[in-house]
Amino acid sequence: MNDNYLSELNEPQRAAVMHINGPLMIVAGAGSGKTKVLTTRIAHLLRNGVDAFNILSLTFTNKAAKEMKERVERILGSSEARNLYIGTFHSVFARLLRAEATKLGYPSDFTIYDSDDAKSVIKTILHELNLDDKHYKPNLVYGRISAAKNNLMSPEEYKHDHAIQQEDMRANRPMIGHIYEAYAKRCFKNGAMDFDDLLYKMYLLLKHFPEVLHKYQHKFKYIMIDEYQDTNPAQYEIIKLLGAAHENICVVGDDAQSIYSFRGATIQNILQFEKDYEDTKVVKLEQNYRSTKSILNVANEVIGNNKGQIEKALWTDNIEGEKIKLVRTMTDNEEGKFVADTIAEQKLRNHYNNRDFCILYRTNAQSRSFEESLRRMNIAYRIFGGISFYQRKEIKDFLSYLRVVSNTRDEENIKRIINYPIRGIGKTTIEKTMVLANDQDIPFWEVLVRAREFGFKGGTLEAIDGFVTMIQSFQAMVQQQHNAYDIAIAVGKSTGIVKELFNDKTTEGLARYENIQELLNSIKEFTETPTEDGELLEKSLGTYLQQISLLTDADNGSDENSDVVKLMTIHAAKGLEFPVVFNVGLEESLFPSSMSINTREELEEERRLFYVAVTRAKTRLFISYANSRYRFGNLVQNEPSRFLDEMPEKYIDRSYAGGGVRNAFGGSNSGWGNSNNMFDRKKTVVTQPPTATGVRSTPKPMPVVSTHVPSPNFTPDDPATMEAGMEVEHQKFGFGTITAMEGASHNRIATVVFPKAGGEKKIMLNYAKLMITKR
DNA sequence: CCGGGCATCCTTTTT
DNA sequence: GGATGCCCGG
């Protein structure tokens with residue numbers, strides 16, 4: 001590393017980098033070179049004799065962690081950098097918990113539940129407690145539990161907290177405490193932790209095992225935390241515990257960019273840091289290197305409407321730049337078209353590449369209109385966030401096998417795959433198994449292993465045994481030190497999943513097959529890439545699973561620099577920057593969201609979100625809103641967002657006509673910025689469908705089958721006595737005549753002609769009942 | 001027991 | 001418009 005690294009910094013940046021011991025708070029405005037400071041500071045620490053093994057650096061996203069690692073490597077070289085502990089809160093804690101799992105009674109291969117897994121456990125529990133999931137919405141219940149854990153509250157404490165009980169009573173949901181308790185028990189029994197547990201259990205571990213605390217306090221002598229404004233109480237307490245021995249804590253944050261309170265983050269953590277740690281050195285990074293004056297001034301002006309901030313004045317030496325283009329369209333589809341057209345225009349006019357553009361929206365659901373318009377214009381794009389690769393059904397199914405092999409305590413995942421592919425283990429069998437497992441207080445898996453003993457018979461027993469044997473064969477492979485890829489291949493073959501998807505020639509089937517292949521490839525890549533840190537040399541299944549559970553699709557981009565327009569939510573864009581940004585959907589009830597306008601705090605968070613959105617842009621910023629848009633399938637009208645009124649008029653250009661609002665059938669020929677513009681605009685308005693009234697009648701289809709009222713004395717007859725030629729009555733189809741019988745004695749199928757209900761039908765007599773009216 | 005078809009909810013934002 | 005849940009027919 002060269003000695004000049006300090007000279008590339010401005011005054012406050014250098015002050016931050018050179019502070020080595022004692023608490024440090026860096027208030028880093030948007031685009032003020034925060035990552036540069038963090039990475040340079042790590043270099044500086046090492047330069048001054050700090051051991052890389054003693055540095056812990058925590059971020060919120062994999063992306064941020066990855067970037068930090070890469071930048072440190074660039075300064076230090078990879079041999080030294082690999083000894084640093086850089087990762088997300090969740091991944092670092094998962095690793096530590098894995099090492100200490102047995103102390104908490106967990107297997108070291110514990111499963112990590114994502115929120116879908118968690119909600120499905122909650123549904124099971126609601127069912128068991130005989131609670132109505134219409135009233136106890138899994139989403140809501142999960143949110144309460146999550147909030148409790150983020151505030152380090154156990155089920156016991158939850159149940160005895162007066163304020164919380166009042167709240168739940170008032171909402172008429174008094175059982176949430178019990179659900180939480182049962183949920184926690186079930187997760188433990190399953191050997192599984194959800195995302196929040198990774199923080200909560202980490203806290204408990206440090207709190208209740210002093211020797212563990214001491215070990216890690218000693219190991220992590222220097223701690224750095226990125227995006228400190230987004231930490232929640234659990235993270236806060238963990239950091240406090242870890243840092244207590246040496247207080248070499250460096251936090252970086254910007255209160256103006258705190259946008260995660262819905263996840264339990266409290267802005268108080270950063271506002272109070274100075275009070276928590278005596279002699280905190282505070283450094284403010286106020287020079288913005290990213291944006292034009294126009295962009296920055298708009299951002300500053302808007303955020304000025306928030307109260308109670310850390311005082312700072314963000315400024316820039318950059319050029320004034322173009323005004324912010326504010327564009328109104330009639331509909332969401334037109335908004336999509338506007339953006340795609342403008343991208344095409346800007347590419348020509350200002351020689352941009354696709355990768356220079358980013359479309360930012362408030363909710364994932366908004367992506368559709370932009371996808372459609374970009375596709376029509378043949379502009380390559382990629383959506384970040386939304387349903388990630390690992391949340392796809394086929395991927396989750398496949399991974400469930402691997403998870404079960406790794407941890408048979410995991411009832412949730414066993415249930416997911418026990419009948420996939422179909423092997424004749426149905427709902428009845430699963431329920432019976434659950435009851436047995438509960439009654440005997442043994443794992444679900446053990447009931448399956450001892451199925452014969454528990455009275456399962458015939459085909460069911462055979463199917464269960466086959467399933468158990470198969471899983472055990474995979475486990476044997478784990479024992480024999482086969483790596484994750486070998487086992488995944490075996491799973492794909494033995495289960496028949498790969499073959500089944502291969503034979504499915506529908507479009508979706510094809511996509512699923514490709515996804516599975518991609519998954520297998522990624523597992524292969526995992527096993528073949530040498531690990532950077534000495535602690536994780538093996539390429540075991542367990543290691544693999546642990547890693548991917550915390551992966552969101554953001555990290556999945558090997559094509560980081562591929563030339564595509566990026567689409568994402570504003571939340572996902574935090575920390576990123578783009579030459580040209582489209583900030584779309586600036587409408588009341590969408591942005592700010594109708595969910596977040598009830599309190600001042602909520603509204604201020606929305607405003608901070610807008611601030612984040614604006615400050616992503618380097619040189620050009622387009623802001624758009626639609627007069628009306630489709631929501632849940634019908635057209636709604638929205639007022640322009642109140643944030644638009646907060647933007648200073650002198651930096652706004654409302655006259656921009658768009659890259660040419662084209663006529664709806666324009667397709668390949670994009671007619672922007674030329675003399676046809678007027679025509680195009682007119683046409684566009686006219687071609688709006690007449691559904692714009694907002695009323696859409698949904699015609700009710702007539703029932704195909706005429707409803708037959710069964711005879712009052714209807715009693716099904718024994719299928720064994722039925723023969724062709726008999727006249728019969730069906731509860732739905734009415735009267736008919738049997739024309740043929742087939743099937744073995746235990747599964748007879750009658751072909752019956754029902755004159756009043758569409759003619760000939762095949763009736764499986766085991767399930768559908770017939771009464772004989774004439775022999 | 002299983003799969004298809006309809007009805008119903010939905011929407012913040014993410015590790 | 002889209003995913004999940006439930007019901008019913010085979």
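Not measured: the values here are computed from a predicted model. Chain A is the first sequence line, chain B the second, and so forth, proteins listed ahead of strands; every chain is numbered from 1.
- For the salt bridge (charged side-chain N to carboxylate O under 4.0 Å, His left out) test with Arg629(A), the passing option among Glu588(A), Glu587(A), Glu334(A) is Glu587(A); the others fail.
- For Arg368(A), whose side chain is taken as the heavy atoms from C-beta onward, the closest listed nucleotide among dT14(B), dT15(B), dG1(C) is dG1(C).
- In this structure, Asp132(A) places its CG atom 14 Å from C1' of dT8(B), rounding to the nearest Å.
- Distance CE (Met193(A)) to C1' (dT15(B)): 15 Å, rounded to an integer number of Å.
- Ring-plane geometry between Tyr361(A) and Phe370(A) is classed as parallel, the angle between the planes falling under 30 degrees on a 0 to 90 degree scale with a further cut at 60.
- One can place CD of Gln547(A) at 15 Å from P of dT15(B), the figure rounded to the nearest angstrom.
- Nucleic acid contact class of Phe195(A) (heavy atoms, under 4.0 Å, all strands): base.
- For Asn62(A) and dT15(B), the CG to P distance is 7 Å, given to the nearest whole Å.
- Counting to the nearest Å, the C1' atom of dT15(B) and the CD atom of Gln235(A) are 9 Å from each other.
- Both Tyr260(A) and Arg423(A) lie close to DNA chain B; mapped to their nearest nucleotides by heavy-atom distance, the more 5′-ward contact belongs to Arg423(A).
- Here dT13(B) is the nucleotide among dT13(B), dT15(B), dT11(B) with the atom lying nearest to any side-chain atom of Thr569(A).
- Ranking dT11(B), dG5(C), dT14(B) by closeness to the Lys123(A) side chain, first place goes to dG5(C).
- Nearest-nucleotide positions on DNA chain B for Tyr142(A) and Arg631(A) put Arg631(A) closer to the 5' end.
- Taking the centre and axis of the six-membered ring of Phe60(A), the NZ or CZ atom of Arg263(A) falls outside the cone set by 45° and 6.0 Å.
- Contact annotation for Ser91(A): no contact, since no heavy-atom pair falls under 4.0 Å across all strands.
- Rounded to whole Å, the distance from CD1 on Ile425(A) to C1' on dC2(B) is 14 Å.
- Rounded to an integer number of Å, the gap from Phe384(A) CZ to dT15(B) P is 13 Å.
- For Phe591(A) and dT13(B), the CZ to C1' distance is 10 Å, given to the nearest whole Å.
- Nucleotides dT13(B) and dT4(C), compared at atom P, are 15 Å apart to the nearest Å.
- Side-chain nitrogen and oxygen atoms of Asn139(A) include at least one within less than 4.0 Å of the OP1 or OP2 phosphate oxygen of dT11(B).
- Taking both residues in full, the closest heavy atoms of Gln229(A) and Gln257(A) are given as NE2-O, 3.5 Å, listed atom of the first, atom of the second, then distance.
- Put simply, Ser115(A) has no side-chain N or O that comes within less than 4.0 Å of OP1 or OP2 on dT15(B).
- Distances shorter than 4.0 Å separate some side-chain N or O of Asn364(A) from OP1 or OP2 on dT13(B).
- Counting all heavy atoms, side chain and backbone alike, Gly264(A) lies closest to Asn232(A) at O-CB, 3.0 Å.
- The side chain of Phe262(A) sits closest to dT13(B) out of dT15(B), dT11(B), dT13(B).
- Across dC2(B), dG1(C), dT14(B), the shortest atom-to-atom separation from the side chain of Phe632(A) is found for dG1(C).
- The side chain of Asn419(A) sits closest to dC2(B) out of dT14(B), dT4(C), dC2(B).
- Shortest non-hydrogen contact noted between Ser373(A) and Gly336(A) is OG-O, 2.8 Å.
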